[in-house]
Amino acid sequence: MCSSDLYGCSQVTEDQENTRHVLADLINHPNAGAVLVLGLGCENSRIEVLKDYIGEVNPDRVKFLQVQDVENEQEAAEGIMKELMSYAATFKREKVSAKHLIVGMKCGGSDGLSGITANPTVGLFSDMLVSKGGTTILTEVPEMFGAETILMNRCANKELFEKTVHLINDFKEYFIKNGQEIYENPSPGNKDGGITTLEDKSLGCTQKSGSSLVKGVLEYTEPVHTKGLNLLSAPGNDLVAATALALSGAHIVLFTTGRGTPFASPVPTVKISSNSKLAGHKDNWIDFNAGRLVEDMPMEMLSKELFEYVLAVASGKKVKAEEAGFHDMAIFKQGVTL
């Protein structure tokens with residue numbers, strides 16, 4: 001983990017604050033057994049500044065290295081990494097309830113089957129996990145436009161309803177402020193796949209939330225603090241949104257797609273295809289085929305199979321992107337770069 005990220009001393013105001021919160025969230029993420037935090041030594045978000053955002057840490061789990069303080073940073077880092085690996089090697093697996101799971105939900109590159117197969121299957125999964133005391137997080141706010149009232153009507157109380165209204169309106173204001181057409185979606189790939197309107201795309205997005213009540217509404221980088229279904233402020237971009245889900249505490253991300261994409265995120269990202277053709281054509285990308293729903297498998301059986309698959313991933317099974325050795329991340333860049 002690098003305290004200067006991609007921008008070093010070139011970030012200002014809220015954009016720099018975002019980066020600090022992003023790095024702190026990743027350092028504190030429960031998926032990370034041990035962390036080495038690297039800093040250059042002269043950047044704005046240097047280690048001493050970042051420590052205020054990270055909070056109290058276990059010194060055996062999180063260690064820091066300011067590279068300008070040592071002659072050979074690679075040699076110094078390797079020595080620290082050996083200590084961290086020794087610490088992580090002491091961990092032992094324990095059987096725990098699914099109520100401890102936090103799962104993020106995101107879609108990208110939809111097609112005409114996304115709202116028939118993959119998205120409703122994830123919605124049933126979400127209801128199942130919530131019924132067991134677990135937590136799900138839905139994001140990609142611009143892809144809620146046109147179907148947002150479905151989520152508003154399921155808010156557990158008036159305060160959450162008002163937060164959801166602000167979630168939607170604040171993102172529309174962000175578009176307007178930057179001179180961007182609010183209703184640009186669907187993208188060319190969505191249209192090629194059979195999506196004709198923004199409402200088509202948005203109805204698919206909201207399907208992933210299932211039928212549970214909305215119990216939390218989160219700002220970007222805000223950790224989840226309420227069990228059940230949560231809504232998170234983040235854009236529709238695949239990697240930015242999936243990273244945002246991880247920042248809020250998601251152990252795993254479920255990513256539905258009808259077009260396919262090879263990206264990975266900071267946490268295991270389960271690629272769920274909406275059609276069997278994609279699952280067969282991109283077997284090295286796709287982890288779960290929801291296209292079977294229109295062939296020979298009932299929705300209830302398919303969602304239960306997905307639930308068992310997610311439990312297996314939570315227990316250590318690697319998704320395709322992990323097997324290939326990929327982990328990516330992207331910060332929601334909003335401000336000026338100097």
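Sequence positions, counted from 1, serve as the residue numbers for this chain.
Considering every non-hydrogen atom in both Ala241 and Pro235, the closest pair reads CB-O, 3.3 Å. Taking both residues in full, the closest heavy atoms of Ala250 and Gly104 are given as CB-N, 3.7 Å, listed atom of the first, atom of the second, then distance. Nearest heavy atom pair, residue Ser265 against residue Ala242, reads CB-CB, 3.8 Å. Closest heavy-atom contact between Asp238 and Cys107: OD1-O, 3.9 Å. Ser45 and Leu50 get closest at one heavy-atom pair: O-CB, 4.4 Å. Across Gln68 and Leu40, no two heavy atoms sit closer than the pair CG-O, 2.8 Å.
With hydrogens and angles disregarded, a donor-acceptor distance shorter than 3.5 Å links the side chain of Glu148 to the backbone of Gly146. Here the side chain of Asn230 pairs a donor or acceptor atom with the backbone of Gly228 at under 3.5 angstrom. With hydrogens and angles disregarded, no donor-acceptor distance shorter than 3.5 Å links the side chain of Thr221 to the backbone of Val22. Side-chain N or O atoms of Asn275 include none that pairs as donor or acceptor with a backbone N or O of Gly291 at under 3.5 Å. When atom types are taken as modelled, the side chain of Gln66 and the backbone of Gly39 share no donor-acceptor pair closer than 3.5 angstrom. In this structure a side-chain-to-backbone donor-acceptor pair under 3.5 Å is present from Lys271 to Thr261. Remark: the backbone N or O of Gly79 is not paired with any side-chain donor or acceptor of Lys82 at under 3.5 angstrom. Side-chain atoms of Glu173 do not come within 3.5 Å of backbone N or O of Asp170 as any donor-acceptor pair. Put simply, the side chain of Thr206 never gets that close to the backbone of Ala147: no donor and acceptor are under 3.5 Å apart. For Asn178 (side chain) and Gln180 (main-chain N/O), no donor-acceptor pair under 3.5 Å exists by modelled atom type.
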Show your reasoning for whether side-chain contact (heavy atoms from CB on, under 4.5 Å) applies to Val67 and Leu38. CA-CA 7 Å; Val67 299; Leu38 289 174; 4.2 Å; yes

Step by step, would you call Met105 with Thr136 a side-chain contact (heavy atoms from CB on, under 4.5 Å)? CA-CA 7 Å; Met105 303 177 296; Thr136 56; 3.7 Å; yes

If you apply the rule side-chain contact (heavy atoms from CB on, under 4.5 Å), what do you find for Ile176 with Tyr174, and how did you get there? CA-CA 6 Å; Ile176 293 168; Tyr174 164 70; over 6 Å; no

Do Leu129 and Thr135 pass the side-chain contact (heavy atoms from CB on, under 4.5 Å) test, and can you show the C-alpha distance, the side-chain angles, and the key distance before you say yes or no? CA-CA 7 Å; Leu129 184 59; Thr135 302; 5.9 Å; no

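Counting only heavy atoms from C-beta outward, the side chains of Pro266 and Leu26 approach each other to under 4.5 Å. The shortest side-chain heavy-atom distance between Ile272 and Ile286 does not fall under the 4.5 Å cut-off. At a threshold of 4.5 Å between non-hydrogen side-chain atoms, the residues Val141 and Ile168 count as touching. Side-chain atoms of Met144 and Met152, non-hydrogen and from C-beta on, never get closer than 4.5 Å to each other. At a threshold of 4.5 Å between non-hydrogen side-chain atoms, the residues Leu311 and Leu101 count as touching. Looking at Val319 and Tyr309, their side chains come closer than 4.5 Å, going by heavy atoms from C-beta outward. Val35 places none of its side-chain heavy atoms less than 4.5 Å from the side chain of Leu84. In this structure, the side chains of Leu278 and Arg259 stay at 4.5 Å or more apart for every pair of heavy atoms.
For the salt bridge (Lys or Arg N to Asp or Glu O under 4.0 Å) condition, the pairs that include at least one residue of residues 313-330, sequence neighbours left out, are Asp283-Lys320. Residue pairs meeting the salt bridge (Lys or Arg N to Asp or Glu O under 4.0 Å) criterion with at least one partner in residues 84-100, sequence neighbours excluded, do not occur; the list is empty. For the salt bridge (Lys or Arg N to Asp or Glu O under 4.0 Å) condition, the pairs that include at least one residue of residues 293-313, sequence neighbours left out, are Arg292-Glu305, Glu300-Lys304.
The only option from Val130, Val122, Val310 that meets the side-chain contact (heavy atoms from CB on, under 4.5 Å) definition with Val103 turns out to be Val310.
Under the 3.5 Å distance criterion, with hydrogens and angles disregarded, a donor-acceptor pair is assigned to the side chains of Arg154 and Ser209. Side-chain contact, Ser114 with Asn119: no donor N or O sits under 3.5 Å from an acceptor N or O. Looking at Tyr53 and Glu17, their side chains do bring a donor and an acceptor atom within 3.5 Å of each other.
Taking Tyr220 as the reference, Phe332 meet the ring pair (Phe, Tyr, Trp, His ring centres under 6.0 Å) condition, with sequence neighbours excluded. Judged as a salt bridge (Lys or Arg N to Asp or Glu O under 4.0 Å), and not counting sequence neighbours, the contacts of Lys63 are Glu83.
Checked for salt-bridge contact, Glu56 and Lys51 miss the test: no charged N lies under 4.0 Å from a carboxylate O.
Other residues sharing the hydrophobic cluster of Val267, ordered by chain and number and joined by side-chain separations under 4.5 Å: Ile102, Ile137, Leu218, Val224, Leu232, Leu245, Val253.
For the pair Lys172 and Phe145, the cation-pi test (distance below 6.0 Å, angle within 45°) is passed.
The hydrophobic cluster containing Leu36 also contains Val70, counting ILVMFWY residues as joined when their side-chain heavy atoms lie under 4.5 angstrom apart, directly or transitively. In the hydrophobic clustering of this structure, Met301 groups with Val270; members are Ile, Leu, Val, Met, Phe, Trp, Tyr whose side-chain heavy atoms approach within less than 4.5 Å, directly or through other members. Hydrophobic clustering (ILVMFWY, side-chain heavy atoms < 4.5 Å, transitive): Tyr87 and Ile27 are in distinct clusters. Put simply, Phe326 and Trp285 are part of two different groups of oily side chains (I, L, V, M, F, W, Y) that touch within less than 4.5 Å, one to the next. If you chain together hydrophobic residues whose side chains sit under 4.5 Å apart, Val49 and Phe64 never meet in one group.
The distance from the CG atom of Leu160 to the NZ atom of Lys158 is 12.5 Å, given to the nearest 0.5 Å. Rounding to the nearest 0.5 Å places CD of Glu219 at 10.0 Å from NE2 of His166. Here the CG atom belonging to Asn289 is positioned 9.0 Å from the CE atom belonging to Met297, to the nearest 0.5 angstrom. Taken to the nearest 0.5 Å, the NE2 atom of His327 stands 8.5 Å off from the OG1 atom of Thr269. In this structure, the separation between NZ on Lys333 and CG on Asn237 is 14.5 Å, given to the nearest 0.5 Å.
Few gaps surround NE2 on His100; more than 12 heavy atoms of other groups in view lie less than 6.0 Å from it.
Checked against the 6.0 Å centroid criterion, the rings of Phe263 and Phe255 qualify as a close aromatic pair.
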